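Note: hydrogens, waters and symmetry copies are ignored here, and every other heavy atom, side chains too, is used. Note that this is a predicted model, so its numbers are computed, not measured. In what follows, chains carry the letters A, B, and so on, assigned in the order in which the sequence lines appear, proteins first and then strands, with residues in each chain numbered from 1.
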Amino acid sequence: MMSARLALAALLVAGLGASSARADAPPEKAALCAACHGEKGVPIDTSIPVIWGQNEGYIYIQLRDFSRGARQNEQMAAIVAQLSRDEMKALAAYFSTLQWPNLLQKSAPDDVVRRAETVAASAQCPQCHQGGYIGASVQPRLADQSETYLLATMRAFRSGARANNDWMTALLKTYSDDDLKVLAAYLAGL
Amino acid sequence: MPPILKATSVLAAVAALSWGLAGQAAAEEVAQATLYGDMSAVTQTMLDHAGHDGNNFLMTNGNYSQTRFYPNRQINTMNVKHLHPAWIFQTEVKDTMETTPLVVNGVMYVTTAFDHVYALNARTGEELWHYKHKLGPISIYCCGPNNRGVAAYEDMVYLATLDSKLVALNAKTGKVAWQSDIADPELGYSETMAPTAVNGKILVGTNGGEYGIRGFVKAFDAATGKLLWTFNTTPENSVGVWATKDASGQDLHRDIAAEKAALAKGGDPYKTLGGGVWQNPAVDLKANRIYFVVGNPSPDLDGSNRPGDNLYTDSLVSVDLDTGKYACHFQYVPHDVWDVDSVSPAVLVDALDNDGKLVPAVLHGGKTGFVYVNDRRDCHLIRVSEAMVPQENMYALPTHGVGTRMLPGANGGVEWSPMTVDPALSLAYAINLHQPMHYSVKEAAYPAGKLWLGGAFSVIPTEQQWGNVTAVDYNTGRIRWQVKTAQPMIGGIMATAGGLVFTGEGNGLFKAYDSQTGSQLWQFQAGAGVNAPPAAYSVDGKEYIVVGAGGNAQLDYKRGNAIISFTLN
């Protein structure tokens with residue numbers, strides 16, 4: 001039943017037979033998102049994160065933070081300027097129900113996995129991001145997220161350029177750039 | 001429906017046959033009720049005497065004194081080697097498990113991560129009903145999607161949820177009777193504790209000390225869900241006495257002059273000072289007071305913007321049961337900047353004071369690695385135990401960059417894991433972590449509901465970690481025995497009149513020790529981390545030990561989804 005619904009949702013997002021009369025139709029403004037985050041969930045560029053199947057609370061908080069200016073991004077600032085709080089919530093609820101796409105990323109080699117697991121245990125990553133790094137509610141899924149995006153995001157947290165979670169900045173400042181690279185490769189390959 | 005072990009199915013089939021011609025309707029009725037007619041209601045009298053009730057396990061820490069001492073001795077030091085699974089129930093949720101099963105006249109209530117509740121036949125593990133709480137879009141919690149169990153009162157069971165709701169369920173059907181908001185989840189409030197039911201009230205604290213909340217204990221009307229009183233754990237004057245030492249007399253290295261300047265500039269920080277209450281209050285029915293411990297100040301590691309002692313964080317607090325009015329407090333660690341706070345629930349015992357006189361006392365196992373013994377009447381400290389884990393570089397201030405190494409790490413000592421007490425031996429049993437960490441600080445403004453640690457604590461990957469089970473004589477503060485474990489310990493422990501203590505480990509081992517000597521008498525490999533507190537009960541004159549094996553998010557121990565009940569023969 002779930003897969004049928006997901007397939008339908010995918011068709012709707014692709015604009016094939018969309019009908020606004022349907023109760024589970026995508027929010028009107030979901031089309032704005034597809035331009036960058038991909039019509040079938042695969043973003044148009046590896047620097048852009050997957051949002052299909054991302055956790056509802058996390059998507060909402062990010063949209064909220066873009067609108068408050070707590071998270072900075074020129075394109076997203078322009079997008080969220082058009083969104084009400086209810087629309088943000090509706091988009092978050094909608095995208096969280098879609099299936100995470102296959103980015104065709106390879107599993108990290110064993111030595112990278114071993115080192116990444118040591119780093120992750122030291123930083124206690126699974127405490128928030130959950131077992132399997134699938135996150136929950138306001139904590140994002142990291143597993144199989146774009147490697148380029150993951151590395152850029154961790155670097156941005158560490159430098160303070162991404163400033164909407166001080167904790168991540170404080171935490172990542174205690175790790176080297178090599179540590180971040182193995183983490184990104186490991187998480188992308190899950 | 002989740003799969004149940006073959007043994008359970010056979011038992012269920014035998015049970016079904018024995019019902020014979022009673023018919024499906026009658027069978028359903030029995031399944032929906034209890035095994036003995038209409039004995040599902042939990043009366044106040046039953047709760048008052050829970051400590052002597054060998055049939056039931058009526059509250060998360062066994063009784064209002066929270067001793068977790070089970071009074072039956074059918075399973076004992078002589079025969080525990082024959083203990084084996086009676087049944088295993090698999091929940092739908094394979095994730096971190098901290099539930100204490102409750103048992104009421106043959107019906108067991110357990111919870112899972114993400115706020116599911118199951119009612120089970122305690123003899124067979126057969127599912128009677130299953131409630132899944134529909135979590136709102138925002139649920140913010142630091143340490144895994146945990147739940148530690150329900151409270152039972154009259155004909156309802158009560159669940160506190162990750163999105164900060166209090167839910168009353170019909171104990172026979174699992175249907176929602178009412179739901180109340182506890183606090184706003186978007187500001188970082190969440191619930192993982194089992195509530196406490198007493199005298200028509202449902203008591204609940206809050207998580208959120210990592211998010212700049214203002215902590216509390218609240219009392220709700222058990223019948224209606226109406227809020228009766230709130231005790232804020234951070235008073236409007238949270239400054240205190242500018243204490244420079246902790247309860248054990250060790251220097252806290254505070255810069256009092258800088259703090260006083262910060263106070264003059266920014267005022268009292270009580271509104272975002274944290275002070276979560278993670279675990280159940282103990283109830284002193286005679287004094288009509290409750291005793292609970294309050295967690296860390298927010299932000300955890302940066303004290304620069306929260307001048308003062310940060311009352312009543314890292315403290316024992318007692319309030320009046322009827323009104324929530326303050327009675328007394330004692331602060332274990334003033335102005336904590338390490339998150340070595342108070343989480344493990346308070347335990348009421350009678351203990352010797354320093355004049356050798358037996359007084360009403362209250363125990364707490366700290367993340368510092370101490371067991372604290374306080375006088376229940378005015379909360380003053382009687383003694384601090386020997387340290388149960390190595391303490392090194394104690395109270396060295398967190399620094400910028402990689403940080404300062406200090407032992408114990410920020411998970412303890414004793415984490416949320418409840419202790420147990422064998423009153424005949426005057427021993428308190430605690431499970432501990434040894435997890436060396438670096439403490440670093442980074443000043444940060446209040447982030448409105450986001451994680452607010454003001455720095456980081458990182459496990460030092462090159463150093464060995466381990467745990468231990470420790471028995472402390474609370475009349476002297478001396479350690480009686482100690483057993484080292486391969487991994488840091490988190491979950492809980494239970495003593496029985498059979499001369500045993502039961503506790504589990506992250507590697508899946510569930511063990512029984514001789515409570516007098518610490519000798520290991522039995523173990524079972526559960527296949528997933530046993531990081532939940534055990535419980536015990538009897539049905540048809542047969543004693544069972546029950547525990548959840550679902551692993552742990554905080555320490556990333558192997559996840560599972562089993563509730564395992566053990567018995568003899």
Side-chain angles (χ1 to χ4, degrees), chain A residues 55-65 68 70-71 85-86 88-97 114-139 157-158 160 163-176 179, chain B residues 94-96 113-114 135-145 162-163 185-186 188 190 210-211 299-302 400-403 410-411 435 437-438 440-462 465 551-559:
Chain A
N55 296 311
E56 182 179 356
Y58 175 73
I59 299 176
Y60 164 68
I61 295 282
Q62 298 313 301
L63 293 172
R64 188 196 73 180
D65 284 0
R68 288 179 179 177
R71 184 174 174 185
R85 186 176 145 107
D86 284 345
M88 292 178 194
K89 286 194 164 168
L91 286 168
Y94 169 69
F95 282 108
S96 70
T97 62
R114 271 196 301 277
R115 180 160 168 203
E117 285 179 344
T118 305
V119 174
S122 167
Q124 302 177 78
C125 305
Q127 190 165 324
C128 294
H129 293 287
Q130 311 292 321
Y133 297 95
I134 56 168
S137 190
V138 300
Q139 305 293 352
F157 271 128
R158 195 175 48 172
N164 71 330
N165 195 330
D166 271 317
W167 152 247
M168 285 297 295
T169 300
L171 182 70
L172 292 177
K173 270 191 188 301
T174 65
Y175 293 89
S176 71
D179 290 335
Chain B
K94 187 181 167 190
D95 209 328
T96 183
F114 297 108
L135 283 165
I138 308 288
S139 44
I140 295 177
Y141 42 86
C142 67
C143 309
L162 291 169
D163 56 349
E186 201 164 334
S190 69
E210 276 62 41
Y211 300 89
D300 298 46
L301 292 142
D302 174 21
H400 291 92
V402 173
N411 288 324
Q435 203 180 27
M437 285 194 185
H438 283 134
S440 64
V441 63
K442 183 181 171 294
E443 296 75 10
Y446 172 64
K450 294 274 181 67
L451 191 63
W452 193 29
L453 298 188
F457 13 69
S458 321
V459 176
I460 304 173
T462 51
Q465 302 181 35
N552 179 267
Q554 199 168 345
L555 300 179
D556 200 22
Y557 289 148
K558 188 180 172 193
R559 310 300 201 279

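Here the shortest heavy-atom pairing between A/L91 and A/L63 reads CB-CD1, 4.4 Å. In this structure, A/S137 and A/N55 approach most closely via the heavy-atom pair O-CB, 3.2 Å. In terms of heavy atoms, A/Y60 sits closest to A/M88 at CD1-CB, 4.0 Å. Contact between B/S458 and A/L171 at its shortest, heavy atoms only, is OG-CD1, 4.4 Å. In this structure, B/A448 and A/R64 approach most closely via the heavy-atom pair O-NH2, 4.4 Å. For the residue pair B/P185 and B/D163, the shortest heavy atom distance occurs at CG-O, 3.6 Å.
Among B/W452, B/F457, B/Y141, the residue with the largest count of heavy-atom pairs under 4.5 Å with chain A is B/Y141. Ranked by non-hydrogen atom pairs under 4.5 Å with chain B, the options A/Q130, A/E56, A/M168, A/K173 are led by A/Q130. Ranked by heavy-atom pairs under 4.5 Å with chain A, the first of B/C142, B/A445, B/G551, B/A113 is B/C142. Between chain A and the residues B/P145, B/G144, B/P447, the largest count of heavy-atom pairs under 4.5 Å involves B/P145. Between chain A and the options B/V402, B/I140, B/L453, heavy-atom pairs under 4.5 Å are most frequent for B/L453.
Using a 4.5 Å cut-off between heavy atoms, A/I59 does not touch chain B at all. In this structure, chain A has a heavy atom under 4.5 Å from the side chain of B/N411, while its backbone stays farther away. There is no contact between A/Y58 and chain B, counting heavy-atom distances below 4.5 Å. Residue B/D95 touches chain A through its side chain alone, counting heavy-atom pairs closer than 4.5 Å.
Side chains of A/D166 and A/T169: a donor-acceptor N/O pair is absent below 3.5 angstrom, by distance only.
Every residue two or more places apart in sequence or in another chain was checked for a side chain to side chain contact (heavy atoms under 4.5 Å, CB included) with A/A163, and none qualifies. For A/W167, there are no ring pair (Phe, Tyr, Trp, His ring centres under 6.0 Å) partners two or more places apart in sequence or in a different chain. With sequence neighbours excluded, the residues forming a salt bridge (Lys or Arg N to Asp or Glu O under 4.0 Å) with A/R85 are B/E186, listed by chain and number.
Using a 4.5 Å heavy-atom cut-off against chain B, the contacting residues of residues 121-128 of chain A are A/A121, A/S122, A/Q124, A/P126, A/Q127, A/C128.
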